[in-house]
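Sequence lines set the chain letters: A, B, ... in the order given, protein chains first and strands last, and positions in each chain run from 1. The structure presented is a predicted model; accordingly, all values stated were derived computationally and were not measured.
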Number of protein chains: 2
Amino acid sequence: MKKAMNCFSSQSTEERIKEAARQVFLEKGFDGATSRDIAEAAGINIALTNYYFRSKEKLFVTIFEEITEFFFTGMSAILSKPISLREKIAELIEHDFRMLRENPRLINFILNEVHRNPERMGKMIGLQKVLHHSMLDEQVQQEVRQGTIRPISSMHLMTMMVSNIHFLFVSKPMTTQIWNMTEDEFTKFADAHKNLVIDMVTNYLFESEKA
Amino acid sequence: MKKAMNCFSSQSTEERIKEAARQVFLEKGFDGATSRDIAEAAGINIALTNYYFRSKEKLFVTIFEEITEFFFTGMSAILSKPISLREKIAELIEHDFRMLRENPRLINFILNEVHRNPERMGKMIGLQKVLHHSMLDEQVQQEVRQGTIRPISSMHLMTMMVSNIHFLFVSKPMTTQIWNMTEDEFTKFADAHKNLVIDMVTNYLFESEKA
DNA sequence: AGTTTTTTTAAACAAACATTTAAAATCTTG
DNA sequence: CAAGATTTTAAATGTTTGTTTAAAAAAACT
């Protein structure tokens with residue numbers, strides 16, 4: 001009654017549209033992407049995007065929420081892990097690095113669309129915010145009290161970790177253009193930088209340990 | 001023969017259009033901005049944008065080049081200063097921070113438009129690249145040879161400094177939204193983070209000095 | 001002054017856009 | 001197979017886009 005099968009495609013039409021929309025929106029943003037772009041990428045008629053999703057806007061919201069959930073879920077899981085702060089820092093950086101290496105346009109997309117419509121982020125963060133902050137904050141402040149790390153807020157620590165990794169990919173188009181890098185050269189540079197960042201952040205944080 | 005004076009505006013019409021275009025393009029990007037947006041912001045007839053600049057594209061290129069030049073010039077000047085590496089790091093970070101605090105949309109704009117049209121960056125960087133790299137690279141490698149700083153390439157050092165400051169503003173809409181920050185709270189947080197970054201980078205780099 | 005050039009305007013232009021319609025094609029089910 | 005529901009299509013919708021036109025207004029010049 002509901003589901004129909006396509007002759008020459010393993011995916012449902014709805015899923016094909018979403019996958020095409022994901023790709024096109026990630027690449028061009030909401031303003032830069034057209035309904036025809038998406039239809040063409042999905043190999044379907046233009047009217048179908050409005051048959052399955054009622055509008056370009058609604059289709060966008062659907063995939064935006066999926067993408068932001070994907071973006072935050074992995075981070076959130078690591079922040080909740082029962083591991084040492086040192087391990088947690090390394091794992092979070094490694095995770096974000098892997099995620100963005102596979103999806104370089106992810107942050108640009110999210111950051112741009114949040115700027116275009118800040119309220120959109122409102123619903124998403126209800127749980128995310130609580131999880132993120134409390135879990136890490138408790139652990140950080142405990143270590144601060146014990147004197148094992150410098151006095152620092154979890155917000156600054158989080159910003160430090162995230163900035164150094166995320167900006168690598170936010171600025172990838174400019175970096176590769178300015179330094180005339182190939183894709184491989186960038187990958188190598190980024191990987192080396194990631195290790196450097198782990199080193200720098202942990203060294204800075206746990207500096208009071210040595211001496 | 002050439003110049004005409006406006007009755008009720010101190011600026012020339014051409015300059016008013018450029019100023020409006022600067023504001024609208026920075027806020028919405030090329031795709032999100034319309035000719036009517038710009039005309040309205042400038043308080044002029046729509047046809048005038050095409051009378052002074054031949055097209056939306058040409059107007060965009062004009063202000064894009066001005067903006068990128070503004071963006072790079074200050075950095076370049078500091079990188080060429082005859083000061084110690086330690087001073088140079090602090091000055092560069094302070095400069096970028098000030099510049100982006102006054103123009104928070106600057107990097108988003110440049111990064112997005114470079115991604116949309118990578119060739120556009122080509123002309124700009126001819127001199128910039130040379131300046132940037134050689135000036136800093138020489139100084140860094142000398143300090144490395146002297147053992148005063150960790151072994152590091154100027155590219156990684158540059159990336160470290162820039163990432164930590166620039167991402168603060170790239171992610172400003174998301175940060176303020178997620179942590180429910182007011183403009184003032186963000187300003188304070190960003191300022192504290194900037195100082196933390198200077199501390200972290202210099203501590204990491206010059207670590208071999210103490211002990 | 002009057003004439004020419006420059007600037008500004010209202011109106012219209014074609015192209016691109018998101019969206020809708022109505023009919024055709026396909027699948028589902030009794 | 002045949003009736004009904006679902007999916008897909010081609011075509012057209014009205015709106016917004018960037019751009020042009022032709023006339024009006026202002027300024028410059030002799």
Side-chain angles (χ1 to χ4, degrees), chain A residues 1-64 109 112-113 116-117 120, chain B residues 1-64 109 112-113 116-117 120:
Chain A
M1 207 218 282
K2 269 297 180 55
K3 290 265 131 173
M5 253 311 157
N6 226 317
C7 322
F8 46 83
S9 170
S10 54
Q11 300 169 296
S12 74
T13 304
E14 190 171 339
E15 197 52 49
R16 279 175 68 194
I17 295 175
K18 279 171 65 175
E19 198 164 306
R22 211 152 24 226
Q23 174 207 308
V24 174
F25 278 138
L26 270 171
E27 174 63 24
K28 305 193 177 188
F30 182 83
D31 288 331
T34 71
S35 299
R36 284 165 182 80
D37 285 336
I38 297 171
E40 194 182 2
I44 49 119
N45 190 282
I46 320 161
L48 277 184
T49 64
N50 281 16
Y51 174 75
Y52 282 99
F53 311 86
R54 294 157 41 105
S55 68
K56 180 192 176 187
E57 173 78 16
K58 292 240 170 48
L59 171 57
F60 175 80
V61 170
T62 301
I63 73 111
F64 175 80
F109 171 76
N112 281 331
E113 300 304 337
R116 207 170 54 83
N117 189 342
R120 189 119 58 203
Chain B
M1 208 220 284
K2 267 300 181 55
K3 289 264 130 172
M5 256 308 157
N6 227 316
C7 323
F8 47 83
S9 170
S10 55
Q11 300 169 297
S12 73
T13 304
E14 189 172 337
E15 197 53 47
R16 280 174 68 195
I17 295 175
K18 278 172 66 174
E19 198 164 306
R22 208 149 29 223
Q23 172 206 310
V24 175
F25 278 139
L26 270 171
E27 174 62 24
K28 306 192 176 188
F30 181 82
D31 289 331
T34 70
S35 299
R36 282 165 183 81
D37 284 337
I38 297 171
E40 194 182 4
I44 49 120
N45 190 280
I46 322 161
L48 277 184
T49 64
N50 280 14
Y51 174 75
Y52 283 99
F53 309 86
R54 294 155 42 105
S55 67
K56 180 191 177 188
E57 173 77 16
K58 292 239 169 51
L59 171 57
F60 174 80
V61 170
T62 301
I63 73 111
F64 176 79
F109 171 76
N112 281 330
E113 300 304 338
R116 206 171 55 82
N117 190 342
R120 191 118 57 202

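To the nearest angstrom, P of C:dT7 lies 16 Å from CG of B:Asn50. The CD-P distance, from B:Glu14 to C:dT6, rounds to 15 Å in whole Å. Atom CZ of A:Phe60 and atom P of C:dA18 are 13 Å apart (whole Å). Across the protein-nucleic acid pair, A:Arg54 atom CZ and C:dT21 atom P stand 12 Å apart, rounded to whole Å. Atom OH in B:Tyr51 sits roughly 15 Å away from atom P in D:dT21 (whole-Å rounding). Between A:Lys56 atom NZ and C:dT19 atom P there is a gap of 8 Å when expressed in whole angstrom units. Atom CG of B:Asp31 is separated from atom P of C:dA18 by 12 Å (rounded to the nearest Å). Between the CD1 atom of B:Ile46 and the C1' atom of C:dA11 there is a distance of 10 Å, given to the nearest Å.
With C:dT19, D:dT19, D:dG18 as the choices, the nucleotide that has an atom nearest any side-chain atom of B:Thr34 turns out to be D:dG18. Relative to the side chain of A:Thr13, the nucleotides D:dT8, D:dT9, C:dT8 differ in distance, and D:dT8 lies closest. Listed nucleotides D:dT9, D:dT21, D:dT6 differ in distance to A:Leu48; the shortest reach to its side chain belongs to D:dT9. In this structure, of D:dT19, C:dA10, C:dT21, it is C:dT21 that holds the atom nearest to the side chain of A:Ala47. In this structure, of D:dT19, D:dT7, C:dT19, it is D:dT7 that holds the atom nearest to the side chain of A:Tyr52.
Geometrically, A:Lys56 engages A:Phe30 in a cation-pi contact defined by less than 6.0 Å to the ring centre and at most 45° from the axis.
B:Thr49 comes within 4.0 angstrom of no nucleic acid atom, judged by non-hydrogen atoms across all strands. Using a 4.0 Å heavy-atom cutoff across all strands shown, B:Ala39 reaches no nucleic acid atom at all.
Within the model, atoms CG of B:Asp37 and CD of B:Glu27 stand 10.5 Å from one another, a figure rounded to the nearest 0.5 Å. From B:Lys28, atom NZ reaches atom CG of B:Asn112 across 15.5 Å, with rounding to the nearest 0.5 Å.
Between D:dT8 and A:Asn45, no contact under 4.0 Å exists linking OP1 or OP2 to a side-chain N or O. For the pair B:Ser35 and D:dG18, the criterion of a side-chain N or O lying under 4.0 Å from OP1 or OP2 is met.
Just one of B:Lys58, B:Lys18, B:Glu14 meets the side chain to side chain contact (heavy atoms under 4.5 Å, CB included) condition when paired with B:Tyr52; it is B:Glu14.
The distance between the ring centers of B:Phe109 and B:Phe25 does not fall below 6.0 angstrom.
Along DNA chain D, the nucleotide closest to B:Ala33 and the one closest to A:Ile44 are compared, and the more 5′ of them pairs with A:Ile44.
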Just to be sure I follow the notation: if a pair is Watson-Crick (purine N1 to pyrimidine N3 plus N6-O4 or O6-N4) or a G-U wobble (N1-O2 and O6-N3), each under 3.5 Å, what dot-bracket string does DNA chain C give, with | for pairs to another strand?
||||||||||||.|||..||||||||||||
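Listed by chain and number, the residues in a salt bridge (charged side-chain N to carboxylate O under 4.0 Å, His left out) with B:Arg116 are B:Glu113 (sequence neighbours excluded).
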Contacts under 3.5 angstrom, residues 41-51 of chain B side chains, donor-acceptor by atom type, not counting sequence neighbours:
from: B:Asn45; atom 1: OD1; to: B:Ala47; atom 2: N; distance (Å): 2.9
from: B:Thr49; atom 1: OG1; to: B:Ile46; atom 2: O; distance (Å): 3.0

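One N or O donor and one acceptor, one from the side chain of A:Arg36 and one from the base of C:dA18, sit under 3.5 Å apart.
Across B:Ala20 and B:Ile38, no two heavy atoms sit closer than the pair CB-O, 3.6 Å.
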